[in-house]
Undergrad: 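Once you've had a glance at the structure underneath, I'll fire off some questions.
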Amino acid sequence: MAKTALIISAHSADFVWRCGGAIALHANKGYDVTVVCLSYGGRGESAKLWKNEGMTLERVKTERQREAENAAKALGVANIRFFDLGDYPLEMTREAKDRLVDVMREVQPAFMMTHSKYDPYNTDHMYVSEWTLECRAIAQAWGHKPGEKILGAPQVYLFEPHQTEQMEWKPDTFLDISPVWDRKWAAIQCMEGQEHLWHYYKNVAENRANHFMRNSGGQSGGRKATHAEGFQSIFPRTVDEL
Ligand SMILES: [Zn+2]
C-alpha cells in the first residue's frame with residue numbers, strides 16, 4: 001500500500017503557495033497525497049476575479065475550483081476534495097468536522113499539513129489550524145464510530161503563513177524542494193486570480209533554500225538547494241538515533 005499524506009487548506013489556493021513543493025516531492029516518492037480545500041476562498045482571496053464585470057460568487061467558485069484542480073494536477077495530487085464551507089468567515093459545523101474526521105480515518109496519513117496557529121490577518125486560517133487538531137484527536141478516539149480503524153499519530157506540520165513574522169510561526173523543518181520546483185512554479189501559475197503572489201512565493205522558496213543550506217551541514221550533507229519550504233511541527237519526533 002502506498003504511503004499517504006493529507007493537506008488541509010482553508011481556501012482553495014493555500015496548499016499551492018504553502019506546501020506545493022512538499023506535495024510534489026512526496027508524490028514523486030510514491031505517496032498518495034489528498035488535499036482538502038475547506039472553502040474556495042471565493043469572497044476573501046479572489047480579488048482579481050471580482051474585478052471582472054458581472055462576477056457572481058458562483059462564477060468565482062467555479063473558476064477557483066478549476067484553478068485548484070489544475071494546480072493539483074501539476075503537483076501530482078492523488079485526490080482533491082472541496083467542502084465548500086464558505087469563507088470570510090469560514091465556519092465549520094459539527095457535520096463538517098465529522099466529515100474531516102472521516103477523511104482522516106480513510107486516508108490514514110503518514111503526516112498532515114495545515115495553517116499556522118495564529119493569523120490576525122486571516123482568522124479563517126487560524127481556526128482551520130485549531131479544527132485540524134480537534135479532528136485529529138477525534139479521529140484517534142476509539143469511542144468515535146466504534147469498529148472503524150482509528151487514526152494513528154501522524155505529525156502535523158504547520159506551513160508558512162503570509163507575513164510570517166506576525167504569525168508566531170517558527171520553522172523547525174526545512175524541506176528541499178529543488179527537484180520539484182518546476183512543478184510548484186507551474187502550479188503557482190494556475191492560480192490566475194492571485195497573480196500578485198506568484199513572485200512573492202518564488203522569493204520565499206529561494207530564501208528558505210538559503211536557510212536549508214545554512215542548517216544542512218550535519219543532517220543533509222550541506223548540499224546545495226535552490227528552493228525549499230519551511231514547516232513548524234506540532235508533535236515531538238520519536239527517534240532511535242540522533
Ligand atoms: Zn487562505
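Numbering of ligands and ligand atoms starts at 1, following listing order.
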Undergrad: Could you tell me if D124 and H115 have a donor-acceptor pair between their side chains, going purely by distance under 3.5 Å?
TA: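 No donor-acceptor contact under 3.5 Å links the two side chains.
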Undergrad: Please tell me if the side chains of R208 and E160 come closer than 4.5 Å, counting only heavy atoms from C-beta onward.
TA: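 Result yes, sub-4.5 Å side-chain heavy-atom pair found.
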Undergrad: If the cut-off is 2.8 Å, does any N/O/S atom of D124 fall short of it from the Zn ion (ligand 1)?
TA: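 Checking D124: none of its N, O or S atoms is under 2.8 Å.
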Undergrad: Distance-only, no hydrogens or angles: does the R105 side chain make a donor-acceptor pair with backbone N or O of A139 under 3.5 Å?
TA: yes
Undergrad: Is the closest side-chain heavy-atom distance between T4 and Y31 below 4.5 Å?
TA: no
Undergrad: Need the atom name: nearest N/O/S atom of H11 to the Zn ion (ligand 1).
TA: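 H11's closest N, O or S atom to the Zn ion (ligand 1) is named ND1.
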Undergrad: Please examine the side chains of V101 and H144, heavy atoms only from C-beta on, and report whether any two atoms are closer than 4.5 Å.
TA: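 Of all side-chain heavy-atom pairs linking V101 with H144, at least one is under 4.5 Å.
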Undergrad: I'd like the atom name of the N/O/S atom in E45 lying closest to the Zn ion (ligand 1).
TA: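 The nearest such atom is OE2.
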Undergrad: Suppose we only count N/O/S atoms under 2.8 Å; would H125 qualify as near the Zn ion (ligand 1)?
TA: yes
Undergrad: How about D87: does one of its N, O or S atoms come closer than 2.8 Å to the Zn ion (ligand 1)?
TA: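 No, D87 does not qualify, because none of its backbone or side-chain N, O or S atoms lies under 2.8 Å.
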